[in-house]
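One is the number of the first residue; the rest follow in order along the sequence. Note: hydrogens, waters and symmetry copies are ignored here, and every other heavy atom, side chains too, is used. Atoms within each ligand, like the ligands themselves, are counted from 1 in listed order.
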Amino acid sequence: MSIDNFYTVAFDLVKQAGAIIRDKINRPKDVMVKSCDVDLVTESDQQVEKLFMEGIIANFPDHRFIGEETTSSGTKVQLTDAPTWVIDPIDGTMNFVHGLPHTCISVALLINKITEIGIVYNPILEQLFTARKGQGAFMNANPIKVSGEKELNKSLLMFEMGTSRDPEKMKIVMENLKILTSKVHGLRALGSAALNMCMVALGGADANFEFGIHIWDFAASDLIVREAGGYCIDPAGGKLDLLSRRLLCASSPELAQELSNLLVQYYPERD
Ligand code: IPD
Ligand code: CA
């Protein structure tokens, strides 16, 4: 089996999943809470994850999964060398619940712990971001690239409050907001970690960072940003670790470094 086969099957499943999200976004939903009252899940999150996993298993029975809704809270993620699909069935669940059209499905395929495929699809705004290792990044089949911006004071920065209400984490979010507000062109929060990063890949924003995200929030977008010519690193400046729950991406190494130097760091428990 080749990566081409894997991509074709995943692409088709992502489009089917997108149709569910599009159909359900403006309907009443049963909303359940997970780790805290702003960490939400709906039946559609579960339905999309099931659809994707069943579709992959039917075609590639030996593939493994790390899915947001099938990973029990508190369980450590097991990432092996086996082909592994990392799935966020609905990233931006809070937006989905409210009907805000910034929401997406995010899937990545890792083989030998290297990301080979990344797909992020916002079916409401019809933004389909795709990347294959070494083959560039695309939105709706058109090549995309990062802005190349090098200076923080000319940058549009994506960030998030996150879905934790932990006081220590909130304090650091606020400290970083205070430090950065006067140093950048602007700050934006779309409410989806995956889409924030895709905006950097697209060149519409220049950098993004977040503490507390999970592997399913950023595995696909990490590849999309890198294939668009961007840089993904640990916020303290080292190599990106997909299980660390820490991410900084930027349109140039200079910008990544300047942002990293300013950030108050936070180290959540690893995935
Ligand atoms: C969340 C969103 C949010 C980010 C959180 C994520 P979810 O994912 O991406 O923007 O700040 O860290 O967990 O809960 O919508 O799948
Ligand atoms: Ca998510």
Polar side-chain atom of Lys15 near backbone of Pro123 as donor-acceptor pair, under 3.5 Å: no

Protein N/O/S count near the Ca ion (ligand 2) (criterion: distance under 3.0 Å): 3

Between His214 and Asp271, does a side chain to side chain donor-acceptor pair (under 3.5 Å) hold up when you go through it step by step? CA-CA 7 Å; His214 294 275; Asp271 262 335; 2.6 Å; yes

Indicate, with yes or no, if the rings of Phe129 and Phe138 have centres closer together than 6.0 Å. no

Consider only side-chain N and O atoms of Gln16 and Asp12, and report whether a donor and an acceptor are under 3.5 Å apart. yes

Please indicate whether Arg64 has more than 12 foreign heavy atoms, meaning atoms of other residues, nucleotides or ligands, lying under 6.0 Å from its CZ. no

Sorted by chain and residue number, the residues having a heavy atom closer than 4.0 Å to an atom of ligand 1 are Glu68, Asp88, Ile90, Asp91, Gly92, Thr93, Glu160, Gly162, Thr163, Gly191, Ser192, Ala193, Glu210, Ile213, Asp217

Would Val107 and Leu110 show up in the same hydrophobic cluster when neighbours are defined by side-chain heavy atoms closer than 4.5 Å? no

Measure from the side-chain N and O atoms of Glu227 to the backbone N and O of Gly136, and report whether any donor-acceptor pair falls under 3.5 Å. yes

Other ILVMFWY residues reachable from Leu248 by side-chain steps of under 4.5 Å: Leu152, Leu157, Phe159, Met161, Met170, Ile172, Val173, Met174, Leu177, Ile179, Leu180, Val184, Leu187, Phe209, Phe211, Ile233, Leu255, Leu259, Leu262, Leu263, Val264, Tyr266

With sequence neighbours left out, what residues match Glu43 under salt bridge (charged side-chain N to carboxylate O under 4.0 Å, His left out)? none

